[in-house]
Amino acid sequence: MTIDELIAAARGGSPRAAGRLLSAVESRRRAEVLAALGPVTPARVVGITGPPGAGKSTTVGALVGAYRADGMRVAVLAVDPSSPYSGGALLGDRIRMAAHINDPDVLIRSVATRGHLGGLAAAVPASITLVSALGYDLVILETVGVGQSEIEIAAVADPTVVVLNPGAGDAIQAAKAGLLEVADIVVVNKADRDGADQTVRDLRAETHAPILKLVAAQGVGLAELVDVIDAHHRADSPQRRSARARSQILSLAQTLLRNHPELDRLSASVAEGGVDAYTAAERLFSDDVTGRSSMRLDI
């Protein structure tokens, strides 16, 4: 099928066609798909991040259920860490959201980072555009949440929800990782465990963001979380949207430069003293490196 035929089939409700289009935007056909879609009004994007084991996927599953109860079509993009050796991803989040697999108005897609830093995959902005064009009202974006740089989600989502567990360790680690700096909402999940109240008190000293207690597996506190997410979204502004877009552009540009075909040669030249680092950096943007200035984000 052509891209136009796939788009028509996906808009007609074909999950297979939607899956093939999502695969296309993760490949070198990304530009072709985006061109075929034309102008698209972005869907709402809610970001979920936090340390491993905090219950991010359980929280996402609970949120999907809440928004589906309101009649919204929901797409879930679960970003998994790629293996540095094979490039493959664990893709385990789809298993933990199995309750929604058979709902035709829920799309769940695992996306591999494929070497892109910051906790997101380079294909995520295009994937959001695609599912928006396919009529999904809300995108829930879950990041890998495994390290210090996992804060890029703030460039895409509004709001960014940071999920933590009771215990000072998570709170301290999150603060060190910079997660609390980008948190619009902080959720202490598994709040039926000992130490939840103390964790909330500790977090109040670290962030001005709203802090909520949640037991995602039981739905306790879910309605309040949905209300706070919706209130934050209503407070969004053109200035904030522009700032997020700027961050996306800079992040993707960094990935382009990291994969520049001449980067290794220029690096060797700088190491040998043949050229200074400032000149080498300028040459990455100029025509005189490869005879052309265009680069493709083929990851």
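With hydrogens and angles disregarded, no donor-acceptor distance shorter than 3.5 Å links the side chain of Asn189 to the backbone of Leu164. For the pair Ser132 (side chain) and Ala43 (backbone), a donor-acceptor distance under 3.5 Å is present.
Counting only residues at least two apart or on different chains, no salt bridge (Lys or Arg N to Asp or Glu O under 4.0 Å) pair has a member in residues 16-25.
A search for side-chain contact (heavy atoms from CB on, under 4.5 Å) contacts involving Arg240 returns Asp158, His232, Ala235, Asp236, Ser237, Arg244, not counting sequence neighbours. Under the side-chain contact (heavy atoms from CB on, under 4.5 Å) criterion, Arg73 pairs with Asp105, Tyr136, Asp137, sequence neighbours left out. Checked against side chain to side chain donor-acceptor pair (under 3.5 Å), Asp197 has the following partners two or more places apart in sequence or in another chain: Lys213. Among residues two or more places apart in sequence or in another chain, the side-chain contact (heavy atoms from CB on, under 4.5 Å) test is passed with Leu263 by His260, Ser267, Leu284. The salt bridge (charged side-chain N to carboxylate O under 4.0 Å, His left out) search around Asp192 returns none, not counting sequence neighbours. In terms of the side chain to side chain donor-acceptor pair (under 3.5 Å) criterion, Ser247 has no residue partners (sequence neighbours excluded). Among residues two or more places apart in sequence or in another chain, the side-chain contact (heavy atoms from CB on, under 4.5 Å) test is passed with Thr2 by Asp4, Glu5. Shown here are the salt bridge (charged side-chain N to carboxylate O under 4.0 Å, His left out) partners of Arg201, two or more places apart in sequence or in another chain: there are none. Not counting sequence neighbours, the partners of Glu32 by the salt bridge (charged side-chain N to carboxylate O under 4.0 Å, His left out) test are Arg29.
Under a 4.5 Å side-chain heavy-atom cut-off, the cluster of Ile, Leu, Val, Met, Phe, Trp and Tyr residues that includes Val220 is completed by Val215. Side-chain heavy-atom separations under 4.5 angstrom define the hydrophobic clusters, and the remaining members of the one that includes Val275 are Val270.
Residue-environment remark: CZ (Arg193) stays at or below the threshold of 12 foreign heavy atoms within 6.0 Å.
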